[in-house]
Amino acid sequence: MSEFDDDYSFDTLAVRAGQVRSAEGEHGEPIFLTSSYVFSSAAEAAKRFSGEQPGNIYSRFTNPTVRTFTQRLAALEGAESCVATASGMSAILSTCLALLKTGDHIVSSRSIFGTTTMLFSNYLAKLGIETSFVDLPDLSAWAAAIRPQTRLLFLETPSNPLTELADIKQLAELAQQHDCLLVVDNCFCTPALQQPIKLGADIVIHSATKFLDGQGRCVGGAVLGSKDVVGTDVYGFLRTAGPTMSAFNAWVFLKGLETLNIRMQAHSAKALALAQWLEQEPKIARVYYPGLASHPQHQLAKIQQTGFGGLLSFELKGGQDAAWKLIDATRMISITANLGDTRSTITHPATTTHGRLTAEQRHQTGIADGLIRVAVGLEDIADMQKDLARGLA
Ligand SMILES: *Cc1c(COP(=O)(O)O)cnc(C)c1O
């Protein structure tokens with residue numbers, strides 16, 4: 001039920017939803033680089049400001065290019081409303097500050113983006129909003145952590161880097177029983193592979209920086225959900241506090257959405273081929289990828305997702321030394337923590353994204369010293385294999 005009301009399918013919505021042609025009859029979407037809008041009279045200005053007449057006032061509130069992006073993404077996620085933000089982090093911040101107050105409580109998966117953990121633990125905590133962290137796949141741990149003050153359940157599925165899944169339907173029921181909102185950061189799957197709102201989630205968060213752009217160009221984010229929660233409450237915070245998306249970035253993300261499905265299919269196919277190849281390698285202890293039959297939640301992944309995504313990790317038997325040697329032996333794959341790009345990237349989580357954790361905490365969360373994460377891009381599979389095989393030799 002999006003604002004784009006024809007019942008077109010995903011691929012059609014991805015290239016056409018949200019576009020309103022101007023009097024120029026342009027085929028491609030224009031970029032409206034304007035900070036404010038002109039009224040035909042003082043009376044019209046007054047009506048716009050009072051809300052009596054809908055329409056543009058100022059680009060912190062609304063912008064036609066940004067609106068095309070939010071309507072298109074809403075159509076793809078099956079959401080009533082969408083707001084666009086300056087980054088993925090400002091999407092999470094805006095959601096929390098719009099919906100929470102001092103004394104409220106969040107239950108969050110332990111396996112979330114490191115900066116989100118810091119936002120919850122360091123900054124929301126300062127405002128008297130407490131967060132409890134639980135193991136993502138453990139439904140009983142979620143249930144046990146809920147208090148009367150709990151307002152949000154927050155997660156990413158599959159997780160990064162170990163690709164664990166949460167059962168979104170079950171968590172949505174749990175959230176409903178306790179009058180909480182289920183928030184899913186859908187960054188890794190994108191609506192091309194997983195649509196959490198259709199599974200009962202209340203809010204979907206995006207870092208548009210990743211697969212929605214898909215070519216590593218712009219930083220941006222989005223929040224999706226109901227007209228009341230997102231279209232009114234989160235939007236109200238956003239237009240007041242100001243971490244909104246620029247028209248230029250919205251235009252770049254629109255171009256990304258047009259190819260989202262075919263890119264996600266390609267990322268998934270290449271990641272599966274690479275994961276199967278890695279699983280045959282004697283120097284690798286374990287491969288983590290939801291598309292492998294050996295993945296403990298392979299069945300759930302098949303039901304909940306329409307593809308397995310571009311993220312995989314694997315553990316080398318030789319520990320950190322072997323992991324660093326493999327990374328340093330690559331010539332093509334980029335050594336960087338970013339993901340969701342056409343270019344494949346490789347990282348050593350224990351000394352980068354999870355380097356701030358103690359050895360004990362890393363052990364608890366399964367981040368072994370020999371673990372390597374690959375965000376599989378769109379290069380040729382044989383070239384990726386050649387690049388990784390050098391370090392395995
Ligand atoms: C990158 C990322 C974010 C933060 O997004 P930015 O656009 O970098 O602010 C949030 N969640 C996940 C899962 C991410 O990968």
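Order of appearance sets the numbers: ligands from 1, and atoms from 1 within every ligand.
Near F188, meaning under 4.0 Å from one of its heavy atoms, ligand 1 places the atoms 13 (C), 15 (O). Listed by number with element, the atoms of ligand 1 under 4.0 Å from a non-hydrogen atom of E156 are 13 (C).
Taking the ring centroids of F211 and H206, they lie at or beyond the 6.0 Å cut-off.
Among all non-hydrogen protein atoms, the one lying nearest atom 7 (O) of ligand 1 is T209 OG1, 2.6 Å. With hydrogens left out, the protein atom closest to atom 15 (O) of ligand 1 is K210 NZ, 2.6 Å, a heavy atom. Closest to atom 6 (P) of ligand 1 among all protein heavy atoms lies G88 N, 3.3 Å. Closest protein heavy atom to atom 4 (C) of ligand 1: F113 CE2, 3.4 Å. Ranking the protein heavy atoms by distance from atom 12 (C) of ligand 1 puts D185 OD2, 3.4 Å first.
In terms of polar-atom proximity, defined here as any N/O pair under 3.5 Å, I92 makes no such contact with ligand 1. Between T116 and ligand 1, no pair of N/O atoms sits closer than 3.5 Å.
Between the side chains of Q320 and T351, no donor-acceptor pair is found at a separation under 3.5 Å. Side-chain atoms of S22 and E26 include a donor-acceptor pair closer than 3.5 Å.
Each of L181, V229, L224, V230 was compared with D202 under the side chain to side chain contact (heavy atoms under 4.5 Å, CB included) criterion, and only L181 meets it.
Looking at G221, S159, S207, A91, it is S207 that brings a heavy atom closest to atom 5 (O) of ligand 1.
Cation-pi geometry between R110 and F133 is not satisfied (NZ or CZ under 6.0 Å from the ring centre, within 45° of the ring normal).
More than 12 heavy atoms of other residues, nucleotides or ligands lie within 6.0 Å of CZ in R21, so this atom counts as buried by the packing criterion.
In this structure, G220 is part of the shell of residues with a heavy atom less than 4.0 angstrom from ligand 1.
When heavy-atom distances to ligand 1 are checked against a 4.0 Å cut-off, M89 comes that close through both its backbone and its side chain.
Note on V184: it does not cluster hydrophobically with L93, by side-chain heavy-atom contacts below 4.5 Å among ILVMFWY residues.
N63 and A247 make their closest contact through OD1-CB, 3.5 Å (heavy atoms, listed as atom of the first residue, atom of the second, distance).
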